[in-house]
**Q** 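Please find one structure pasted underneath; my questions will follow.
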Amino acid sequence: MKELFIDSNPLETRIALVEDGRLTELWVERSSQARTLGNVYKGVVRKALPGLEAAFVDIGLGRDGFLPFDDVSTSLDMYAQGKPHDQPQDGGGEGKPRGKNRGLKQGQEILAQVTKEPIAGKGPRVTSWISLAGRYCVLLPGDEQIGISKRIGSAEERQRLKAEFRKILPKGFGLVARTAAGSQDPKGLQREVKELVARWQEIQKQGRKAKAPALLHAEPPQVWGVLRDVAAYGIDRITVDGQALFNEIQSHLGKIDPGWRSKLLQHGGGGPAFTEKGLEKQISQAMQRQIWLKSGGRIVIEQTEALTVIDVNSGRFVGRRAAEETVYKVNLEAAAETARQLRLRDIGGIIVVDFIDMETSQKRAKVLEELKRAFAEDRSRPEVSGFSDLGLVEISRKRTKPSLWHTSSETCPACRGTGRIFHPSALASRIMRGLAAAKGGLKGAQVELLTNPALADYIEENIPQQFAQLSRELGCRIYLEEDESLPMERFLVRRRPGGREIDMGDFSIDSGPILE
């Protein structure tokens, strides 16, 4: 049973995909965070770097888009038609020449579509091969090939769709038939192709008028994009929380596919749907670094900019059988939960999983098989390598937008992302060094030292004599004051009277995180 649960408030809209009662994917769209994935822009090439085999394109988002030469269309006319970078098509095709500049020049205007949103300080990734998604197909201007979704398994239906699309596609266009195209009548397919071709023509028209950088086409809000793709998810039911949102979605589904309105329900419980269905708890767990398994084992997820590491531990599970069987059971459960958490958190890039070591190659193969099976429903199509000599499994998962962790959290102002802070004794030692190194000297001065209350308590209770000795050595009087606004790692030193701040050099509050 697959269900979609949708709720909304003035700050955000959430869409949850639930499979057999468990949350597996979550989309969150906030009013304060503009979505750019799939948008088409008229951009300006800022730099073309042959050594990097890429260019940087200003599309008006503040950070330049990264355009690999592989994603530069065969024609540099900004109104040229193009082909998307990653087509799920039948057969091969000639492909694109790799690593060629194709004449990109600084200041040149080109069409660019966002294929990966800005992540962790990096700009968006863009392509000049444009693709336009509809409910039944993805239009590929400039490519006359026709591809069919792998989820349409019937050979007869695949051939029928190819034949129908060849009849209705204008010259110079190709497409990929989506799952929803299966069993659709020719009129519905023709209507959508006509709409997508008109959308492409409007993009070209706007591109001729607009001054770069400029937005030419914006993808619809995420909730409409997910509803457009419901057939690809195999959804059995859609539950909406809230009368106004229900009415809006009911009207929208009636326009794109009236058949889906029969699967649409309005939540009628006593409380919010996400709470009653246990989804809020599962979302909270998805923000934690440690996930407990039913067996008592656990997985620990550590995310960095370039890599995610998942460590599997036996935790509280000891089992009743031999140690090897205990480890095997924990690893099997961890494999399934790892796949679920990667989908739920939308973690992409390189993921390394450190399973508990197993002695037999047969058991390692079974764990690997379970991991791949659990990824079967993941539309990002992760690639899973075998166990390395060190017992690690490497996973590559496509990333198109920031993960749930990035979109729902920000760097801690105290630890600056390290996840740890110094012990009070180490901080007190740093303060003493800072006072001794104060520029201009403190001899004869009355000094006010402001610290976090917890650090002030530590100094007063554990090292008052040492601070008194430092005061005598510096020839000044130090007054310890508490300031709740200061993080544990920061302090301020001021002269009395007047409160003029004393420059503490590398030990200053503005000198950056001390763990760097």
Side-chain angles (χ1 to χ4, degrees), residues 16-26 278-319 321 323-360 363-378 380-399 402-409 417-420:
L17 175 61
V18 178
E19 298 177 355
D20 298 325
R22 301 196 74 194
L23 180 65
T24 55
E25 289 191 49
L26 180 69
L279 303 182
E280 294 290 4
K281 183 178 180 180
Q282 294 183 60
I283 293 171
S284 296
Q285 290 173 341
M287 295 301 296
Q288 299 173 9
R289 62 187 291 270
Q290 180 173 274
I291 301 294
W292 287 98
L293 306 174
K294 290 181 179 179
S295 65
R298 61 175 181 162
I299 62 174
V300 180
I301 303 173
E302 299 283 2
Q303 285 185 253
T304 68
E305 277 194 36
L307 182 73
T308 298
V309 178
I310 299 178
D311 185 35
V312 181
N313 297 293
S314 58
R316 297 187 290 255
F317 181 64
V318 292
R321 302 179 182 178
E324 180 71 5
E325 287 301 313
T326 297
V327 166
Y328 176 56
K329 182 174 181 179
V330 172
N331 280 342
L332 279 177
E333 192 176 352
E337 187 62 24
T338 291
R340 173 175 171 263
Q341 289 295 327
L342 292 180
R343 288 180 67 193
L344 176 55
R345 299 173 187 231
D346 204 6
I347 295 174
I350 300 298
I351 301 106
V352 175
V353 186
D354 185 8
F355 287 101
I356 307 172
D357 187 41
M358 293 173 289
E359 295 179 2
T360 65
K363 285 186 170 60
R364 285 195 293 270
K366 287 288 186 181
V367 170
L368 203 63
E369 183 181 324
E370 173 63 15
L371 184 61
K372 292 178 179 179
R373 183 205 63 77
F375 275 133
E377 294 296 321
D378 192 333
S380 293
R381 300 190 296 276
E383 296 181 7
V384 181
S385 70
F387 280 86
S388 70
D389 293 339
L390 298 176
L392 305 175
V393 173
E394 184 179 293
I395 302 167
S396 176
R397 188 173 185 274
K398 186 178 179 181
R399 174 168 54 190
S403 68
L404 178 65
W405 182 66
H406 277 101
T407 57
S408 301
S409 65
T418 66
R420 300 180 65 86

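Only a predicted model underlies this, so the values are computations on that prediction, with no experimental measurement involved.
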**Q** Just wondering, are more than 12 heavy atoms of other shown residues or ligands nearer than 6.0 Å to CD in E359?
**A**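 Counting neighbours around CD of E359, 12 or fewer heavy atoms of other residues, nucleotides or ligands fall under 6.0 Å, so no.
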**Q** Strictly below 4.0 Å, N to O, side chains only: are R373 and E370 in salt-bridge contact?
**A**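 Answer for the salt bridge query: yes.
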**Q** May I ask you to say whether E369 pairs ionically with K372, meaning some side-chain N is under 4.0 Å from a carboxylate O?
**A** no
**Q** Take E394 and S388 through the test side chain to side chain contact (heavy atoms under 4.5 Å, CB included) and record every step on the way to the result.
**A** CA-CA 8 Å; E394 184 179 293; S388 70; over 6 Å; no
**Q** Flag the pair V353 / L392 as yes when at least one side-chain heavy-atom distance between them is below 4.5 Å, and no otherwise.
**A** no
**Q** Given V393 and V352, is the side chain to side chain contact (heavy atoms under 4.5 Å, CB included) satisfied, shown in steps?
**A** CA-CA 6 Å; V393 173; V352 175; over 6 Å; no
**Q** Is it true that, when you exclude K366 itself, more than 12 heavy atoms of the residues, nucleotides or ligands shown sit nearer than 6.0 Å to its NZ?
**A** no
**Q** Could you check whether any side-chain heavy atom of V18 comes within less than 4.5 Å of a side-chain heavy atom of T24, counting everything from C-beta outward?
**A** no
**Q** For the side chain of R298 and the backbone of S314, is there at least one donor-acceptor N/O pair under 3.5 Å apart?
**A** no
**Q** Does L279 reach the side chain of Q282, with side-chain heavy atoms less than 4.5 Å apart?
**A**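 Heavy-atom side-chain distance check passes, below 4.5 Å.
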**Q** Taking R345 for the side chain and A286 for the main chain, is one N or O donor matched with an acceptor at less than 3.5 Å?
**A**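 A pair under 3.5 Å: yes.
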**Q** So, E333 and K294, do they make that salt bridge, N to O below 4.0 Å?
**A**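 No, this pair does not count.
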**Q** Locate the shortest heavy-atom distance separating W292 from G297; write the atom from each residue and the value.
**A**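 Smallest heavy-atom distance, with atoms named: CE3-O, 3.4 Å.
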**Q** Hey, mind stepping through S396 and I350 against side chain to side chain contact (heavy atoms under 4.5 Å, CB included) and telling me if it holds?
**A** CA-CA 5 Å; S396 176; I350 300 298; 4.3 Å; yes
**Q** How far apart are the closest heavy atoms of L404 and L26, and which atoms are they?
**A** CD1-CD2, 4.0 Å
**Q** Let me confirm one number: the CD1-CZ distance from I291 to R340, rounded to the nearest 0.5 Å.
**A**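 I291 atom CD1 to R340 atom CZ measures 7.5 Å (nearest 0.5 Å).
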**Q** If you take all heavy atoms of F375 and P382, which pair is closest and at what distance?
**A** CD2-CG, 3.6 Å
**Q** Is there a side-chain contact between F387 and M358 (heavy atoms, below 4.5 Å)?
**A** yes
**Q** Among I310, L371, T308, find the residue that satisfies the side-chain contact (heavy atoms from CB on, under 4.5 Å) test when tested with I395.
**A** L371
**Q** Can you name the closest pair of heavy atoms from A336 and A374 and give their distance?
**A**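 The pair with the smallest heavy-atom distance is CA-CB, 4.0 Å.
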**Q** For residues L293 and V330, report the shortest heavy-atom separation together with the two atoms involved.
**A** CD1-O, 4.0 Å
**Q** Is any side-chain heavy atom of V312 less than 4.5 Å from a side-chain heavy atom of D354?
**A**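 Answer no - side chains too far apart.
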**Q** Atom CD1 in I283, atom CE in M287: separation rounded to 0.5 Å?
**A**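 That separation rounds to 10.5 Å.
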**Q** Go through the steps for N313 and I299 under the test side chain to side chain contact (heavy atoms under 4.5 Å, CB included), then give the verdict.
**A** CA-CA 6 Å; N313 297 293; I299 62 174; over 6 Å; no
**Q** Applying the side chain to side chain donor-acceptor pair (under 3.5 Å) test to D378, which of K398, R343, R397 qualifies?
**A** R397
**Q** Can a salt bridge be assigned to the pair K363 and E325 using a cut-off of 4.0 Å between side-chain N and carboxylate O?
**A** yes
**Q** Evaluate whether atom CD of Q290 has more than 12 neighbouring non-hydrogen atoms of other residues, nucleotides or ligands under 6.0 angstrom away.
**A**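 Correct, the count exceeds 12.
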**Q** For residues R399 and G349, report the shortest heavy-atom separation together with the two atoms involved.
**A** CB-N, 4.0 Å
**Q** Show, in sequence, the C-alpha distance, side-chain angles and deciding distance for R22 and E19, and conclude whether the salt bridge (charged side-chain N to carboxylate O under 4.0 Å, His left out) test is met.
**A** CA-CA 5 Å; R22 301 196 74 194; E19 298 177 355; over 6 Å; no
**Q** Determine the sole option in I347, L342, V309 for which the side-chain contact (heavy atoms from CB on, under 4.5 Å) test with I301 is passed.
**A**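 Only one of I347, L342, V309 forms a side-chain contact (heavy atoms from CB on, under 4.5 Å) with I301, namely I347.
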